[in-house]
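The structure displayed is predicted, hence computed values, not measured ones.
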2 protein chains.
Amino acid sequence: MKEFLKTKGFKMTPQRELIFRSFFELDEHVSVDELYDRVRQQDNSIGYATVWRNLKLICKVGLAEEVNIGDGITRYDRITKVPHGHLFCTVCKGVTEINVEQLVGLLAQAANSRGFTPDSFKIEVQGVCDGCHGKVEGNGQ
Amino acid sequence: MKEFLKTKGFKMTPQRELIFRSFFELDEHVSVDELYDRVRQQDNSIGYATVWRNLKLICKVGLAEEVNIGDGITRYDRITKVPHGHLFCTVCKGVTEINVEQLVGLLAQAANSRGFTPDSFKIEVQGVCDGCHGKVEGNGQ
DNA sequence: TCGCCAAATGAAAACGATTTTCATTTTCAA
DNA sequence: TTGAAAATGAAAATCGTTTTCATTTGGCGA
């Protein structure tokens, strides 16, 4: 990783190493706050801005991307080779990934036919997950 | 519209009427600021909060939904019967809609097979639109 | 190894869009 | 007409994000 960053013109630091490691250990879609909390457990001298900047850096070097559900909080999602979409449960706020390879193919085709060259895709579904179906019926709000 | 709102428990006011009308006249995906500016041309006494609250109201009664591209600005998009996705041009910031009826069908199927009950779909593609292809090659950044 | 310079860090402040508060006005059903 | 509930406008509060600035650090070249 140090070498990888060097080729991009960035330096390695203890803080950065911890932040990167923590980020990649999680398979969740973390927010700055969440990663900050996690990183703090290892080193409580790391500043919030540092976590934020490194999350941005991870995106800049192409290892993650920002995800926006619309709740006002930006999350960071590791970029994997397989294009995937997200199922957001509006009850438990959980996120599940689904493979959308074929869908992306169709989408790209549709975009291309309109002279649009796709760069990245975002496919999100909001709804209620399996585990939350019981809960919803029971409450009024 | 007045009757419609009444059934939902809301009242009609001159400001509300102007805001609703202005919103539905636009087929663009407007932000609060944009709609505020537009509404102000008709009545410069309307407050920002009123425009914001009414945009939220339009969503609450199911006539629009919030769209988030990730630029930090929430836009409001009329809900139409035909599910559609968005093509966001990263060069000119333009938005084009595409029909994604079949895609949504496939998505719903995929979600259902995992016990997930879909509620709404968000399909977004970032890339370069037809008109901007020429521009991009020319500049370094 | 030493010194330098660009990059990185931490704390705090700045930003900016969104949301709330509060006093006042308005709608609308009785 | 009248009262209760809802809506409005202005201003302030929120809150996540981003920048500033002084200081420290990493890592290359001498």
Side-chain angles (χ1 to χ4, degrees), chain A residues 1-23 29-37 39-61 64-77 93, chain B residues 1-23 29-37 39-61 64-77 93:
Chain A
M1 176 53 73
K2 180 174 175 179
E3 288 309 311
F4 172 72
L5 284 179
K6 200 195 296 182
T7 67
K8 302 265 184 177
F10 302 105
K11 298 172 177 174
M12 182 48 81
T13 68
Q15 296 92 335
R16 176 159 294 167
E17 184 173 348
L18 174 56
I19 293 168
F20 272 53
R21 186 152 40 74
S22 299
F23 176 74
H29 306 69
V30 289
S31 60
V32 181
D33 281 18
E34 287 164 352
L35 191 59
Y36 174 69
D37 287 346
V39 157
R40 271 263 166 168
Q41 294 173 6
Q42 306 277 120
D43 176 352
N44 71 356
S45 69
I46 289 185
Y48 184 91
T50 299
V51 175
W52 177 80
R53 281 186 287 234
N54 275 288
L55 233 17
K56 285 285 186 184
L57 180 66
I58 292 175
C59 292
K60 195 187 298 184
V61 299
E65 64 182 347
E66 300 190 343
V67 179
N68 249 283
I69 341 178
D71 63 354
I73 295 172
T74 301
R75 272 164 253 271
Y76 296 80
D77 188 13
K93 311 296 181 193
Chain B
M1 175 55 73
K2 180 175 176 180
E3 288 310 310
F4 171 71
L5 284 179
K6 200 193 297 182
T7 67
K8 301 267 183 176
F10 302 104
K11 298 171 178 176
M12 182 48 81
T13 67
Q15 295 91 335
R16 176 159 294 167
E17 183 172 349
L18 174 56
I19 293 169
F20 273 51
R21 185 151 41 72
S22 299
F23 176 74
H29 307 69
V30 289
S31 61
V32 181
D33 281 19
E34 287 164 352
L35 190 59
Y36 174 69
D37 286 347
V39 156
R40 272 264 166 166
Q41 294 173 8
Q42 306 277 119
D43 176 352
N44 72 355
S45 70
I46 289 184
Y48 185 91
T50 298
V51 175
W52 177 80
R53 280 185 288 233
N54 275 287
L55 234 15
K56 286 283 186 185
L57 179 65
I58 292 175
C59 291
K60 193 186 298 184
V61 299
E65 65 183 345
E66 301 190 342
V67 179
N68 248 284
I69 341 179
D71 64 353
I73 295 172
T74 301
R75 271 164 252 273
Y76 296 79
D77 189 13
K93 312 295 181 195

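- Summary of helix geometry: the two end axes of the helix from dT1(C)-dA30(D) to dA30(C)-dT1(D), each defined by five base pairs via their C1' atoms, are inclined to each other by 30° (rounded to 10°).
- Between Leu18(B) and Ser22(B), some side-chain heavy-atom pair lies under the 4.5 Å cut-off.
- A search for side-chain hydrogen bond (donor to acceptor under 3.5 Å, both in side chains) contacts involving Lys56(A) returns Glu66(A), not counting sequence neighbours.
- Within the 4.5 Å cutoff, the side chain of Arg53(B) has heavy atoms near those of the Thr50(B) side chain.
- Taking atom OH on Tyr36(A) and atom C1' on dG16(D), their separation rounds to 14 Å, with Å as the unit.
- Every side-chain contact (heavy atoms from CB on, under 4.5 Å) that Thr13(A) has, sequence neighbours left out, goes to Gln15(A), Arg16(A).
- Comparing dG26(D), dT18(D), dA7(D) by their nearest atom to the side chain of Phe10(B) picks out dA7(D).
- Within residues 45-55 of chain B, the residues that place at least one heavy atom under 4.0 Å from DNA chain D are, in residue-number order, Ser45(B), Ile46(B), Gly47(B), Ala49(B), Thr50(B), Arg53(B), Asn54(B).
- Comparing Gly9(A) and Met12(B) against DNA chain C, the residue whose closest nucleotide sits nearer the 5' end is Gly9(A).
- Here Ser31(A) lies out of heavy-atom contact (under 4.0 Å) with every strand.
- Here dC28(D) presents its P atom at 9 Å from NZ of Lys11(A), a figure rounded to the nearest Å.
- Atom-to-atom distance recorded for Phe20(A):CZ and Leu5(A):CG is 5.0 Å, nearest 0.5 angstrom.
- Residues passing the side-chain hydrogen bond (donor to acceptor under 3.5 Å, both in side chains) test with Thr7(B), sequence neighbours excluded: none.
- Annotation: the span from Cys59(B) atom SG to Leu55(B) atom CG amounts to 6.5 Å, rounded to 0.5 Å.
- To the nearest angstrom, P of dA6(D) lies 11 Å from CZ of Arg16(B).
- Rounding to the nearest 0.5 angstrom, the gap separating the CD1 atom in Ile46(B) from the CG atom in Asn54(B) is 8.5 Å.
- Of all nucleotides in DNA chain C having an atom under 4.0 Å from a heavy atom of chain B, the first and last in 5' to 3' order are dA17(C) to dA29(C).
- Between the CD1 atom in Ile58(A) and the CG atom in Asp77(A) there is a gap of 12.0 Å [rounded to 0.5 Å].
- Side chains of Thr74(B) and Val32(B) form no contact here, defined as non-hydrogen atoms less than 4.5 Å apart.
- Between Lys6(B) atom NZ and dA5(D) atom P there is a gap of 18 Å when expressed in whole angstrom units.
- Summarising the geometry, atom CG belonging to Asp33(A) is positioned 13.5 Å from atom CH2 belonging to Trp52(A); distances are rounded to the nearest 0.5 Å.
- At whole-Å resolution of the value, CD1 in Ile19(B) and P in dA7(D) are 12 Å apart.
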